[in-house]
Number of protein chains: 2
Amino acid sequence: MRTGKGVEWAVHTLLNLAWLGDGEPVPTARLAAVHDLSASYLNKQLQQLVKAGLLESVPGARGGFRLARPLEAVSMLDVVLAVEGDDPLFRCAEIRRCGTIGERVPAGGFSRPCAVNTAMGRAELAWRKALAAQSLADVRAEAEAHAPAVGSYVRGGFGRD
Amino acid sequence: MRTGKGVEWAVHTLLNLAWLGDGEPVPTARLAAVHDLSASYLNKQLQQLVKAGLLESVPGARGGFRLARPLEAVSMLDVVLAVEGDDPLFRCAEIRRCGTIGERVPAGGFSRPCAVNTAMGRAELAWRKALAAQSLADVRAEAEAHAPAVGSYVRGGFGRD
DNA sequence: GCATATCTGGATAGTAAACATCCGGATATG
DNA sequence: CATATCCGGATGTTTACTATCCAGATATGC
Ligand code: SF4
Ligand code: SF4
């Protein structure tokens with residue numbers, strides 16, 4: 001039970017784009033080269049970010065991806081949900097057959113709330129709130145506090161810092 | 001990214017043992033039959049619970065499993081950690097090679113704290129705290145509030161309620 | 001217009017993790 | 001001793017994650 005590496009890829013790519021600063025779209029190949037990632041696979045993650053409204057994509061030559069909004073307006077939750085989907089962390093497997101499979105609840109309310117589900121749901125809500133409370137700008141600021149020279153390594157190509 | 005079904009199995013099995021009430025050990029086969037689970041696989045989960053100190057196992061004929069402590073003293077976090085292990089939800093894949101692989105930090109403190117890791121760690125901590133704040137007794141109480149007749153379905157064999 | 005560069009999205013393949021079964025050995029009952 | 005059960009390793013199955021590939025669409029620049 002762990003988050004996929006797509007989250008890490010997305011966070012770093014978004015930070016890279018922010019560090020670049022200018023509004024120029026950056027192609028997948030370049031973004032992937034920075035961290036030696038698979039361009040094709042990274043592209044799939046970026047498409048997810050586009051769908052979620054975190055990135056804008058520019059097709060055609062000189063195209064690529066650019067930030068759709070500033071880092072201040074992107075929370076860690078946005079990134080996680082964009083990449084991993086918004087399925088619940090805990091999903092009941094109906095081992096007690098008490099979920100009344102097939103029965104449609106009146107759109108929004110559950111007739112028989114499951115205590116296990118609600119308990120796990122409360123915990124997930126706390127997780128999501130904590131993620132939502134942290135923006136990518138916060139993460140960037142915290143990162144720069146420890147390694148001020150961390151910017152501009154996209155331009156340099158393959159810098160390790 | 002989702003919790004395994006072992007969590008659901010464990011929670012229900014622990015509740016079943018509590019509903020049984022008496023300190024008699026219950027064999028895996030019976031616990032599995034209640035929810036039509038695989039006895040062999042459930043046994044593996046139960047062994048995890050034993051290792052975590054949530055269950056006691058009694059070998060030999062008339063053996064089985066019994067609660068090691070009352071439900072009040074077992075939190076949802078205890079169950080999740082026992083079944084899923086205590087690996088972090090987010091694990092860095094070192095895509096920036098900034099983790100200085102192989103470098104041993106002085107036991108407890110990280111020389112170069114990673115902002116991404118700490119952000120995800122904060123969220124996981126919130127999740128764990130919310131899980132730790134809910135005991136199995138709480139879950140049982142909440143379940144009984146909605147379905148008071150839910151107890152004693154172990155004795156009945158295969159009751160659906 | 002045409003060659004090029006790039007995103008889009010589906011098909012496919014490889015890899016890892018989760019899920020499940022099986023069996024021999026140990027332990028306790030009666 | 002025969003039986004019932006836990007224990008844990010070996011093994012197989014299924015699912016999810018990771019990664020590659022390719023045809024189609026879109027934009028640039030000559
Ligand atoms: S009690 Fe809740 S978690 Fe368990 S099977 Fe029913 S709905 Fe699922
Ligand atoms: S910045 Fe943090 S998450 Fe990213 S590679 Fe380094 S240690 Fe891992």
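Note that the structure is a prediction, hence the values are computed from the model and not measured. Proteins come first, then strands; the chains are lettered A, B, ... in the order of their sequence lines, and each starts at number 1. No hydrogens, no waters, no symmetry mates; every other heavy atom, side chains included, goes into these values.
- Here B:Thr28 does not reach the OP1 or OP2 of D:dT5: none of its side-chain N or O atoms lies under 4.0 Å away.
- Around CZ of B:Arg91, the count of heavy atoms belonging to other residues, nucleotides or ligands within 6.0 Å does not exceed 12.
- In this structure, CG of A:Leu42 is placed 14 Å from C1' of D:dT20, rounded to the nearest angstrom.
- Rounded to whole Å, atom C1' of C:dA17 lies 14 Å from atom CE of B:Met1.
- A straight line from CG of B:Leu55 to P of D:dT5 spans 17 Å, rounded to a whole angstrom.
- With the nearest nucleotide of DNA chain D identified for both A:Pro59 and A:Gly6, A:Gly6 has the one nearer the 5' end.
- Checked against C:dA28, D:dT28, C:dT8, the side chain of A:Arg62 finds its nearest nucleotide in D:dT28.
- In this entry the distance linking CG of A:Leu46 with P of D:dA19 reads 14 Å, nearest Å.
- Among the nucleotides D:dC6, D:dA19, C:dT8, the one closest to any side-chain atom of A:Ser38 is D:dA19.
- Rounded to a whole Å, the CD atom of A:Gln45 is 14 Å from the C1' atom of C:dG9.
- Residue B:Leu49 contributes atom CG, which lies 14 Å from atom P of D:dG8 at whole-angstrom precision.
- Within the 4.0 Å cut-off from OP1 or OP2 of C:dA17, at least one side-chain nitrogen or oxygen of A:Arg2 is found.
- Ion pair A:Arg2/B:Glu124 not flagged as a salt bridge, since none of the NZ, NE, NH1 or NH2 atoms sits closer than 4.0 Å to an Asp/Glu carboxylate oxygen.
- Among the heavy atoms of the strands lying under 4.0 Å from A:Lys5 are primed sugar atoms or P, OP1, OP2 only; no base atom is included.
- Comparing A:Lys44 and B:Val58 along DNA chain D, the residue whose closest nucleotide (by nearest heavy atom) sits nearer the 5' end is B:Val58.
- Listed candidates were C:dA20, D:dC6, D:dC7. Nearest to the side chain of B:Gln47 is D:dC7.
- Backbone-only contact: B:Gly64 has heavy atoms under 4.0 Å from sugar-phosphate atoms and none from a base.
- With rounding to whole Å, B:Arg91 atom CZ is found 7 Å from C:dA17 atom P.
- Of the candidate nucleotides D:dT20, D:dC7, C:dT8, C:dT8 has the atom nearest to the side chain of A:Val50.
- Under a 4.0 Å N-O distance rule, the pair A:Arg122/B:Glu142 qualifies as a salt bridge.
- With rounding to whole Å, B:Phe65 atom CZ is found 13 Å from D:dA4 atom C1'.
- Across A:Leu55, A:Leu31, A:Leu46, a single residue satisfies side-chain contact (heavy atoms from CB on, under 4.5 Å) together with A:Leu14, and that is A:Leu55.
- Across all strands, B:Ser40 comes closer than 4.0 Å to base atoms (heavy-atom distances).
- Of the charged side-chain nitrogens involved, at least one lies within less than 4.0 Å of a carboxylate oxygen, so that B:Arg62 and B:Glu24 count as a salt-bridged pair.
- For B:Ala61, the listed nucleotide lying nearest its side chain is C:dT29; candidates were C:dT8, C:dT29, D:dA19.
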